[in-house]
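Below is one structure, written out as structure tokens; the observations come after it.
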Protein chains: 2
Amino acid sequence: MAQTNTSQMLKGVLQGCLLIILNDEPSYGYAIMQRLTGFGFGDVPKGTIYPLLLTMERKQLIASTMQQSPDGPERKYYHLTATGQAERQSFIADWHNLQHNVTQVMALEDEQND
Amino acid sequence: MAQTNTSQMLKGVLQGCLLIILNDEPSYGYAIMQRLTGFGFGDVPKGTIYPLLLTMERKQLIASTMQQSPDGPERKYYHLTATGQAERQSFIADWHNLQHNVTQVMALEDEQND
DNA sequence: TATTCTAGTTGGTAAAGCATACTAGTAGGA
DNA sequence: TCCTACTAGTATGCTTTACCAACTAGAATA
């Protein structure tokens, strides 16, 4: 990914995606990064995902518990709080709204024939 | 609109939308704001749209010509440059890509039944 | 012991939306 | 004539957020 055009469009969206992913299943930073890659987001750098998780924890959207790892240091497993649940639903609504608006603008592209 | 959640998600998207709108028809700041409102984006503040247009002009994505107005000061009409055309197509591709990825994440919401 | 992989933290930068304040032209009412 | 309101745009600074770079640390292996 890195300093592309898309990285600006990610703003706000990334946090929302983390809320959905962690709602599906509690997880830790390293694994979340790989999961995002699997969803089509290039290789989201750790300098993006770890600080974002910290910020979200401070905002009390998510909470964490430390757990042993079979191969390395302890892992910080995050799960959604009640506030996080609400924020997640709010994000879904906001995304659908944005998607709708942009789609309308994009429609200008297709009516070039008149 | 103002300091909501959506204002972060607008980043990068707004410029792309302006490129599409100005490609459809050259226009000026004030009218563009009203057109965006019509597309569902709340009332995009002038503190957002005017500086953005200036930045895009400096990046040479758009160019301008002054024209008389029937009711007020002169209007600055913007139109796309060749660079702007390329950037517009690049935005469309990036948006489709982002849309696809987020849709995949959102799919986690619907498989909660198992 | 040194290296490598895993896991996370801290500090700083750049981009972009937004608010605020300012400059100006036109028009209408007191 | 003066004041207000509407239109149109510029300049400056704030805040949020993705990203980078540098650092700390545990566990495993050579």
Side-chain angles (χ1 to χ4, degrees), chain A residues 1-19 27-36 41-59 61-62 64-78 87 91 94 98 101, chain B residues 1-19 27-36 41-59 61-62 64-78 87 91 94 98 101:
Chain A
M1 190 149 308
Q3 66 287 12
T4 57
N5 211 327
T6 22
S7 88
Q8 282 300 322
M9 298 203 299
L10 263 188
K11 287 184 196 289
V13 175
L14 243 191
Q15 169 176 300
C17 287
L18 291 201
L19 288 173
S27 184
Y28 57 99
Y30 212 79
I32 294 173
M33 282 169 48
Q34 294 169 331
R35 202 154 180 209
L36 280 174
F41 302 86
D43 57 324
V44 183
K46 47 190 286 188
T48 294
I49 182 76
Y50 282 120
L52 176 54
L53 286 170
L54 279 183
T55 304
M56 289 169 68
E57 192 176 20
R58 291 199 194 99
K59 285 192 211 161
L61 298 176
I62 55 180
S64 62
T65 57
M66 299 303 290
Q67 286 184 33
Q68 293 295 329
S69 159
D71 40 23
E74 280 192 309
R75 292 168 175 168
K76 202 170 176 182
Y77 277 78
Y78 289 100
E87 181 62 27
F91 163 72
D94 288 342
L98 178 67
N101 297 345
Chain B
M1 189 148 308
Q3 68 285 16
T4 58
N5 211 326
T6 20
S7 87
Q8 283 300 324
M9 298 202 300
L10 265 187
K11 287 183 197 288
V13 175
L14 243 191
Q15 171 176 300
C17 287
L18 291 201
L19 288 173
S27 185
Y28 58 98
Y30 212 79
I32 294 174
M33 283 171 47
Q34 295 170 330
R35 200 153 183 210
L36 281 174
F41 302 87
D43 56 324
V44 183
K46 45 192 289 187
T48 294
I49 183 76
Y50 282 120
L52 176 54
L53 286 169
L54 281 182
T55 304
M56 289 169 68
E57 191 176 22
R58 290 200 194 96
K59 285 192 209 161
L61 298 175
I62 55 181
S64 61
T65 56
M66 299 302 291
Q67 286 183 32
Q68 293 296 329
S69 159
D71 41 22
E74 281 193 309
R75 292 168 175 166
K76 203 170 175 182
Y77 276 78
Y78 289 101
E87 181 62 27
F91 163 72
D94 288 342
L98 177 67
N101 297 344

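FYI, side chains are in, hydrogens and waters are out, and symmetry mates aren't considered; it's all heavy atoms of this structure. In what follows, every chain begins at residue 1, and chains take the letters A, B, ... in the order their sequences are listed. Note that the structure is predicted; figures quoted are calculated from it, not measured.
Residue contacts for A:Leu53: at a heavy-atom cut-off of 4.0 Å it reaches no nucleic acid atom on any strand shown. Backbone-only contact: B:Gly29 has heavy atoms under 4.0 Å from sugar-phosphate atoms and none from a base. Within the 4.0 angstrom heavy-atom criterion, base atoms lie near A:Tyr50.
Shown here are the side chain to side chain donor-acceptor pair (under 3.5 Å) partners of A:Glu57, two or more places apart in sequence or in another chain: A:Ser64, A:Lys76. B:Asp94 meets the side chain to side chain contact (heavy atoms under 4.5 Å, CB included) test with A:Asn5, A:Thr6, A:Met9, B:Ser90; sequence neighbours excluded. For A:Tyr28, the ring-ring contact (aromatic ring centres under 6.0 Å, His included) test picks out A:Tyr77, with sequence neighbours left out. Residues satisfying the side chain to side chain donor-acceptor pair (under 3.5 Å) criterion with A:Lys11, sequence neighbours excluded, are absent altogether. Taking B:Gln34 as the reference, nothing meets the side chain to side chain donor-acceptor pair (under 3.5 Å) condition, with sequence neighbours excluded. Listed by chain and residue number, nothing satisfies the side chain to side chain donor-acceptor pair (under 3.5 Å) test with A:Thr55 (two or more places apart in sequence, or in another chain). Judged as a ring-ring contact (aromatic ring centres under 6.0 Å, His included), and not counting sequence neighbours, B:Tyr50 has no contacts.
Between B:Lys46 and D:dC6 there is no side-chain polar atom (N or O) within less than 4.0 angstrom of OP1 or OP2. For the OP1/OP2 pair of D:dC19 and a distance below 4.0 Å, the side-chain nitrogens and oxygens of A:Thr48 include at least one atom meeting the criterion. Residue A:Arg58 places none of its side-chain N or O atoms closer than 4.0 Å to OP1 or OP2 of C:dT9. Between A:Ser7 and the phosphate of D:dA18, there is no side-chain N or O to OP1/OP2 separation shorter than 4.0 Å. Considering only side-chain N and O atoms, B:Lys76 lies nowhere under 4.0 angstrom from the phosphate OP1 or OP2 of D:dT7.
One interatomic measurement links the two molecules: OH of B:Tyr77 to P of D:dG9, which rounds to 9 Å at whole-angstrom precision.
Each end of the helix from C:dT1-D:dA30 to C:dA30-D:dT1 gets its own rotation axis from five pairs of C1' atoms, and the angle between them is 20° to the nearest 10 degrees.
Put simply, the side chain of B:Gln67 does not reach to within 4.5 Å of the side chain of B:Glu74, judged on heavy atoms.
The CD1 atom of B:Ile62 sits 7.5 Å away from the CG atom of B:Leu18 when rounded to the nearest 0.5 Å.
For the pair A:Gln15 and B:Tyr28, both in contact range of DNA chain D, the more 5′-proximal nearest nucleotide belongs to B:Tyr28. The residue among B:Lys11 and B:Met66 whose nearest nucleotide of DNA chain D lies closer to the 5′ end is B:Met66.
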Would you list the protein and nucleotides 25-30 of chain D atom pairs, both N or O, that sit under 3.5 Å from each other?
none

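For A:Pro45, the listed nucleotide lying nearest its side chain is D:dC20; candidates were D:dC20, C:dA15, C:dT6.
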